[in-house]
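Index from 1, following the sequence.
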Amino acid sequence: MATTGRQRTRETTPPGIPRYVVLRRGPRLVAVSPGWCWPGFLLPWLWPFTLRLWAWGIALLGCLATAHGLYLAHGGTDALAALVAVELAARCAAGCWTHALQLRRLRRQGWRHVARVLAISAEDAVVTAQARHGPE
C-alpha cells in the first residue's frame, strides 16, 4: 500500500523510533512519549514524584509498603511470593501508565497539544515541533 504526503501508517514508521506528543504553554514546549516508561518501571516508588504525580506516587508507594510490611510480619515463602507479585505488578503499572498520567496532568494545567512527532529524543521532538509549527 503506497502512502502519500502525511499519511503515515504504523507499517511505514521506522522501527525503534518513538512517537512524542508535544505540548505548549506560552513560549515553552514539552515532549512526552505516551508509551512505556522505563524509569517508571525501574523506580516505581520514586519516579512518579519526580514528575509531580503525587497521588500516583503515593498509591504505588502504599502498595509496595503494604506488601513489604506483610512480608516482614508473616514471612515465609507465600508472603515472599505475594511480595514479588505486588512488586512486579507495581512496576508494570508504573511503566504502563506514568507517561499517560503525566500527559493528563499537563493538559489539566493548561498545556495544549501542538504536534505528534517521531523523534530520537524528547529534545529532538521539541525542535521538530518548533520547526514545523513556529515559535508560537
Side-chain angles (χ1 to χ4, degrees):
M1 178 176 140
T3 60
T4 60
R6 301 181 83 149
Q7 297 175 339
R8 290 196 84 142
T9 61
R10 191 168 287 281
E11 294 84 30
T12 62
T13 301
I17 298 180
R19 296 175 189 270
Y20 286 90
V21 174
V22 181
L23 303 168
R24 173 185 307 242
R25 186 169 75 179
R28 294 185 54 212
L29 290 173
V30 65
V32 177
S33 175
W36 183 260
C37 177
W38 280 108
F41 178 77
L42 297 173
L43 298 169
W45 50 89
L46 176 66
W47 192 250
F49 293 113
T50 64
L51 298 176
R52 296 181 181 169
L53 299 170
W54 308 117
W56 180 238
I58 290 170
L60 286 173
L61 196 59
C63 286
L64 294 171
T66 301
H68 283 274
L70 290 174
Y71 171 69
L72 292 175
H74 297 290
T77 57
D78 291 340
L80 181 60
L83 171 65
V84 169
V86 169
E87 177 83 21
L88 185 60
R91 287 178 182 271
C92 289
C96 286
W97 295 323
T98 298
H99 281 174
L101 290 172
Q102 181 187 16
L103 277 172
R104 184 174 157 201
R105 178 185 62 85
L106 290 171
R107 287 181 177 135
R108 270 189 278 137
Q109 289 178 344
W111 292 77
R112 58 185 176 83
H113 180 85
V114 173
R116 185 176 275 259
V117 298
L118 296 174
I120 300 297
S121 67
E123 293 82 17
D124 289 339
V126 167
V127 170
T128 301
Q130 283 176 336
R132 287 183 188 170
H133 300 284
E136 183 81 30

Residues clustering with Leu106 (ILVMFWY side chains joined when closer than 4.5 Å, directly or via others):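 The other cluster members (ILVMFWY side chains, heavy atoms under 4.5 Å, direct or chained) are Val21, Leu23, Val30, Val32, Leu103, Trp111.
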From the list Leu53, Leu42, Thr98, side chain to side chain contact (heavy atoms under 4.5 Å, CB included) with Trp47 holds only for Thr98
Between Ile17 and the options Asp124, Leu118, Val117, the side chain to side chain contact (heavy atoms under 4.5 Å, CB included) test singles out Leu118
Can you find a pair of side-chain heavy atoms, one from [X] and one from [Y], that are under 4.5 Å apart?
| X | Y | value |
| --- | --- | --- |
| Arg52 | Gln102 | no |
| Pro48 | Leu60 | yes |
| Phe49 | Leu61 | yes |
| His113 | Arg107 | yes |
| Cys63 | Glu87 | no |

I need the minimum non-hydrogen distance between Pro18 and Ser33, along with the two atoms involved.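 Between these two residues, the closest heavy atoms are CB-OG, 4.3 Å.
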Heavy atoms of other groups near Arg104 CZ, more than 12 under 6.0 Å: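 For Arg104, atom CZ is not crowded (no more than 12 foreign heavy atoms under 6.0 Å).
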Please determine whether the number of non-hydrogen atoms from other residues, nucleotides or ligands lying under 6.0 Å from atom CH2 of Trp45 exceeds 12.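 Enclosed: over 12 neighbouring heavy atoms sit under 6.0 Å from CH2 of Trp45.
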Roughly how far, to the nearest 0.5 Å, is NE2 of His99 from SG of Cys37?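 One gets 3.5 Å once the value is rounded to the nearest 0.5 Å.
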To the nearest 0.5 Å, what is the distance between SG (Cys96) and CZ (Arg91)? 13.5 Å
Ring centroid separation for Trp56 and Trp54, is it under 6.0 angstrom? no
Is it the case that one hydrophobic cluster holds both Leu64 and Leu46, taking links as side-chain heavy atoms less than 4.5 Å apart, direct or via other members? yes
Is there a chain of hydrophobic side chains (I, L, V, M, F, W, Y, each step under 4.5 Å between heavy atoms) that links Ile58 to Leu43?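 They do share one cluster, since a chain of ILVMFWY contacts under 4.5 Å joins Ile58 to Leu43.
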Kindly say whether Gln109 contributes a backbone atom to a donor-acceptor pair with the side chain of Arg25 at under 3.5 angstrom?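 A pair under 3.5 Å: yes.
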For Tyr71, ring pair (Phe, Tyr, Trp, His ring centres under 6.0 Å) partners two or more places apart: none
